Amino acid sequence: MTHDALVQVTGVNKYFGDHHVLKDINLEVGKGEVIILLGPSGSGKSTLCRTINRLETISSGDIKIDGVSLPEEGKALADLRAEVGMVFQSFNLFAHKSILDNVTLGPRKVRGLSKTEAEELAMSLLKKVGVDNQAHKMPAQLSGGQQQRVAIARALAMQPKVMLFDEPTSALDPEMVNEVLDTMISLAREGMTMIVVTHEMGFARKAADRIVFLADGEIVEESTPDQFFTNPQSDRAKDFLGKIIGH
Amino acid sequence: MSFSEQLSTLFATYDVLGAFWTNVQLTFWAAIGSFVLGSVLALMRISPVPSLRWAGTAYVHLIRNTPLTILMTLAILGVWTQFQLSLATSFEWNFFIYAAIVLAIYHAAFVCEAIRSGVNTVPVGQAEAARAIGLSFMPTARYVIFPQALRGSITPLGNTLIALAKNTTVATVASVAEASGMMKSMIEFNSDLIFMIFFVFAMGFVIIVVPIGLLTTWASRKLAVKR
């Protein structure tokens, strides 16, 4: 194990009833690394992403964030989740709160920042993702792409050690995909540690330090983007790439 | 005597408005009590602690399925008569407080279920997003789930409030001088005016209840969470 592994997934198994969705997963993510999880639907990549902040529990194995094993549900787990940003497929902005309040809720109620401090922080992050002019609107008044960028700002407001992206562009209209991917690429360039589940192959190739390819709940292949896209080793990966690049 | 003369004689002999005012006051205090208790019960029923969930469920099933008249009788004949537990020095206030408490306890079960139906209108992703930024159960419930759940449960809460307003008539069992008790004694002494008396009290309740329905319909539209 490398010394500065930020996320360590060791021997993780998960079952949904009889269905074995994660099979002996081992994965290490170093500080500043961008890991992209690829695989056909049902391969377990989203489930793996969600186990890292324990939105999904695991049946066996161990997950460590910055050297600390994920605690049981409770205050300690909440504290740890504050260190792990998460961006969801369906944005999940708090529907009854303004954009600004969506971003300030965590800093105020978890970090204990004052209203002014939290709003200053929130505005700078909203500016960074380019939606500061929407701060006083409600989520439903924004486009999908704007909502997802707010969701990224909300996660960043907790100053997380690592960011999880669970298919962040899958629910977006095609013309809005790029604005979200651009935000993610600039985040990666700033050195954010990221674990991303996506179907955007262009983005994967451009932004990833490492591609992790899953099929049927197993990690089948782990390599650099160049290696993976030009010279995949496993039959499963060849088949997968053949299907998506076919058109 | 003409119709209007009969009516004014009745109103002169009996304090009809005063009796209705008692129903309004019972409704007010029991509504607050049942809302607070019902919210706590709803929190218990959605909490991650199995024993709390169990207790909340048991309360709802026991109370919701017991007739209000029986609870009211139990409070007066059981608690007050047997244990001599006085809640106020004057008889009148003592019975009023007993009635308000029983009404609150009873309707809390319905408030709990109304709020829980509201919780079901909040997508699960809202709670996941709240947990993901590090909020634990109580702050998640307080800042994210409940504000949305309440907006989604205004209509069933309004129904509960309407039922509560009318159920205040059961307080007559606890010797509270409210409208339905007065109606009974008015009919007893003026049986020739039975239809008019009935009409007066029916209209009285309609006047109290209709605004509740209008208000909750308006509020549920106005406060709906746009998704």
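Below, all heavy atoms of this structure are taken into account, side chains as well, without hydrogens, waters or symmetry copies. Just so you know, these numbers come straight off a predicted model, no measurement behind them. A note on names: the letters A, B, ... follow the listed sequences, proteins ahead of strands, and every chain is numbered from 1.
Looking only at atom types and distance, the side chain of A/S46 has a donor-acceptor partner in the side chain of A/D166 under 3.5 Å away. Side-chain contact, B/Q84 with B/S86: no donor N or O sits under 3.5 Å from an acceptor N or O.
Heavy-atom distances place no part of A/R111 under 4.5 Å from chain B, backbone and side chain included. Both the backbone and the side chain of A/F94 come within less than 4.5 Å of a heavy atom in chain B. Looking at B/V225, only its side chain comes within 4.5 Å of chain A, counting heavy atoms on both sides. At a 4.5 Å heavy-atom cutoff, A/M138 makes no contact with chain B through either its backbone or its side chain.
When the options B/T69, B/L71, B/L77 are evaluated for a side-chain contact (heavy atoms from CB on, under 4.5 Å) with B/V173, the one that passes is B/T69.
Of the listed residues (A/Q141, A/K109, A/R154), the one with the most heavy-atom contacts under 4.5 Å to chain B is A/K109. Interface remark: of the candidates A/P107, A/A95, A/S90, A/A95 forms the most heavy-atom pairs closer than 4.5 Å to chain B.
A donor-acceptor contact shorter than 3.5 Å links the side chain of A/N92 to the backbone of B/G125. Side-chain N or O atoms of A/K45 include one that pairs as donor or acceptor with a backbone N or O of A/G39 at under 3.5 Å. With hydrogens and angles ignored, the 3.5 Å screen pairs no side-chain donor or acceptor of B/S153 with any backbone N or O of B/P156.
Shortest non-hydrogen contact noted between B/G152 and B/T121 is CA-OG1, 4.1 Å.
Under the 30°/60° scheme for interplanar angles, the aromatic rings of A/Y15 and A/H20 are found to lie parallel.
Interface residues of residues 66-85 of chain A toward chain B, defined by a heavy-atom distance below 4.5 Å and sorted by number: A/E73, A/A78, A/R81, A/A82, A/V84.
Remark: B/Y106 pairs with B/F110 by the ring-ring contact (aromatic ring centres under 6.0 Å, His included) rule, at least two apart or across chains.
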